[in-house]
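Numbering of ligands and ligand atoms starts at 1, following listing order. Just so it is clear, the model here is predicted, and its values are computed rather than measured.
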Amino acid sequence: MARIIGGLTTSHIPSIGNATPREDQLRDDPYWSPFFSGYDKAREWLDHAKPDVAVVIYNDHGLNFFLDAMPTFAIGAAAEYRNADEGWGIPTIPPFRGDQELSWHLINSLVADEFDITMCQEMLVDHGFTVPMSLFWKNNSYGNVRTIPVCINTVQHPNPTPARCYKLGQAIGRAIESWDEDVRVVILGTGGMSHQLDGERAGFINKKFDLMCMDKIVNEPEVLAKLSTHELVRQAGAQGSEFILWLAMRGALSGKVTKVHSNYHIAISNTATGLMVLENAA
Ligand code: DHB
Ligand code: FE
């Protein structure tokens with residue numbers, strides 16, 4: 001049977017996508033060093049964990065979906081996913097392998113479980129997906145990992161609530177664990193932490209709230225799932241609402257969850273960055 005071996009979270013700021021090709025040179029750079037050094041332990045964990053599949057829960061920021069038609073939940077069912085420059089000047093990186101059979105199993109299970117999914121047989125993936133993959137798989141060494149993009153709207157209100165995203169994650173967990181193939185699956189939740197890119201509160205960061213979230217998400221995620229959308233925006237900033245992607249990831253971990261590693265750093269660009277490695281024991 002398929003097994004969910006853990007969950008990973010990371011911020012996905014576009015400027016990281018421009019920095020990753022120069023990571024080795026930037027290791028001594030005071031701006032980048034406290035950020036990149038956090039990823040060594042995560043990569044070590046991945047080297048041992050050896051996932052076959054990565055389910056990447058992210059948000060599209062206007063590359064594949066735009067304001068004219070914005071699905072709440074969309075899942076990729078393609079053989080391959082490519083990125084393109086959505087306007088941040090991020091380099092195009094090698095395509096990502098899909099897993100069509102597991103994608104369709106996931107879509108079928110979720111619809112049966114009353115989640116109405118937009119199914120995408122073609123899908124471009126933006127920085128919300130590519131930056132985390134490049135961070136966890138250094139030098140874009142993700143060629144042996146099959147990926148399933150799970151895209152959640154955080155761009156145009158109404159966003160799905162934290163509770164709804166947590167429940168979606170639980171349904172994703174049930175679907176994967178009912179898949180009759182011996183694959184090791186890791187779940188990524190990307191985005192966050194507190195940030196607001198525009199408006200009166202541009203530059204807003206809330207360290208106290210972020211650290212509370214990183215603490216509670218390990219063993220008390222239900223507390224965070226009770227936040228309303230407005231309370232989350234108030235506490236984390238307009239774009240900090242991306243934290244619902246972390247909650248969806250956490251919902252999929254149904255076993256005994258332990259924190260292997262975390263790193264928190266203010267700031268890259270306008271954003272507080274958070275990295276977590278959560279192990280999910282059967
Ligand atoms: C930034 C952060 C994001 O999450 C994003 O999607 C785009 C930009 C930033 O801090 O620059
Ligand atoms: Fe974002």
**OP:** Anything under 30° is parallel, anything over 60° is perpendicular, the rest tilted; go ahead and classify Tyr142 against Phe96.
**Re:** parallel

Original post:
Strictly by modelled atom types, are Glu279 and Trp45 linked by a side-chain donor-acceptor pair under 3.5 Å?
Top reply: yes

Subject >> Numbered atoms and elements of ligand 1 in range of Trp88, under 4.0 angstrom, heavy atoms >> reply: 7 (C), 8 (C)

Subject >> N-O pairing of Arg234 and Glu231 below 4.0 Å >> reply: yes

Original post:
Please, which pairs that meet ring pair (Phe, Tyr, Trp, His ring centres under 6.0 Å) have at least one residue in residues 220-240, sequence neighbours excluded?
Top reply: none

**OP:** Fit a plane to each ring of Phe35 and Tyr39, take the angle between them on a 0 to 90° scale, and name the class: parallel (under 30°), tilted (30 to 60°) or perpendicular (over 60°).
**Re:** tilted

Subject >> Top protein contact for atom 11 (O) of ligand 1, by heavy-atom distance >> reply: Ser269 OG, 2.5 Å

Original post:
In terms of atom number and element, which parts of ligand 1 are under 4.0 angstrom from non-hydrogen atoms of Glu242?
Top reply: 4 (O), 6 (O)

**OP:** Decide, yes or no, whether a salt bridge links Asp113 with Arg174 under the criterion of side-chain N to carboxylate O below 4.0 Å.
**Re:** yes

Subject >> Where ligand 1 meets His61 - atom numbers and elements under 4.0 angstrom, heavy-atom basis >> reply: 6 (O)

Original post:
What atoms of ligand 1 come within less than 4.0 Å of a heavy atom belonging to Leu197?
Top reply: 1 (C), 7 (C), 8 (C), 9 (C), 10 (O)

**OP:** Enumerate the protein N/O/S atoms at a distance below 2.8 Å from the Fe ion (ligand 2), ignoring waters.
**Re:** His12 NE2, His61 NE2, Glu242 OE2

**OP:** Return yes when atom NZ of Lys138 has more than 12 non-hydrogen atoms of other residues, nucleotides or ligands closer than 6.0 Å, and no otherwise.
**Re:** yes

Original post:
More than 12 non-hydrogen atoms from neighbouring residues, nucleotides or ligands closer than 6.0 Å to CD on Glu114, yes or no?
Top reply: no

Original post:
Looking at atom 10 (O) of ligand 1, what's its closest protein heavy atom, distance included?
Top reply: Thr271 OG1, 2.6 Å

Original post:
Is there a heavy atom in Gln239 that sits closer than 4.0 Å to ligand 1?
Top reply: no

Original post:
What do you reckon, does Pro14 put a non-hydrogen atom under 4.0 Å from ligand 1?
Top reply: yes

Original post:
N/O to N/O below 3.5 Å, does that happen between His195 and ligand 1?
Top reply: yes

**OP:** Scan Asp215, Leu247, Leu232 and name whichever one has a side chain to side chain contact (heavy atoms under 4.5 Å, CB included) with Leu224.
**Re:** Leu247

Subject >> Glu80 atom CD, over 12 foreign heavy atoms within 6.0 Å >> reply: yes

Original post:
Which residue owns the protein heavy atom closest to atom 5 (C) of ligand 1, what's the atom, and how far is it?
Top reply: His127 NE2, 3.5 Å

Original post:
Is atom CD of Gln156 surrounded by more than 12 heavy atoms (other residues, nucleotides or ligands) closer than 6.0 Å?
Top reply: yes

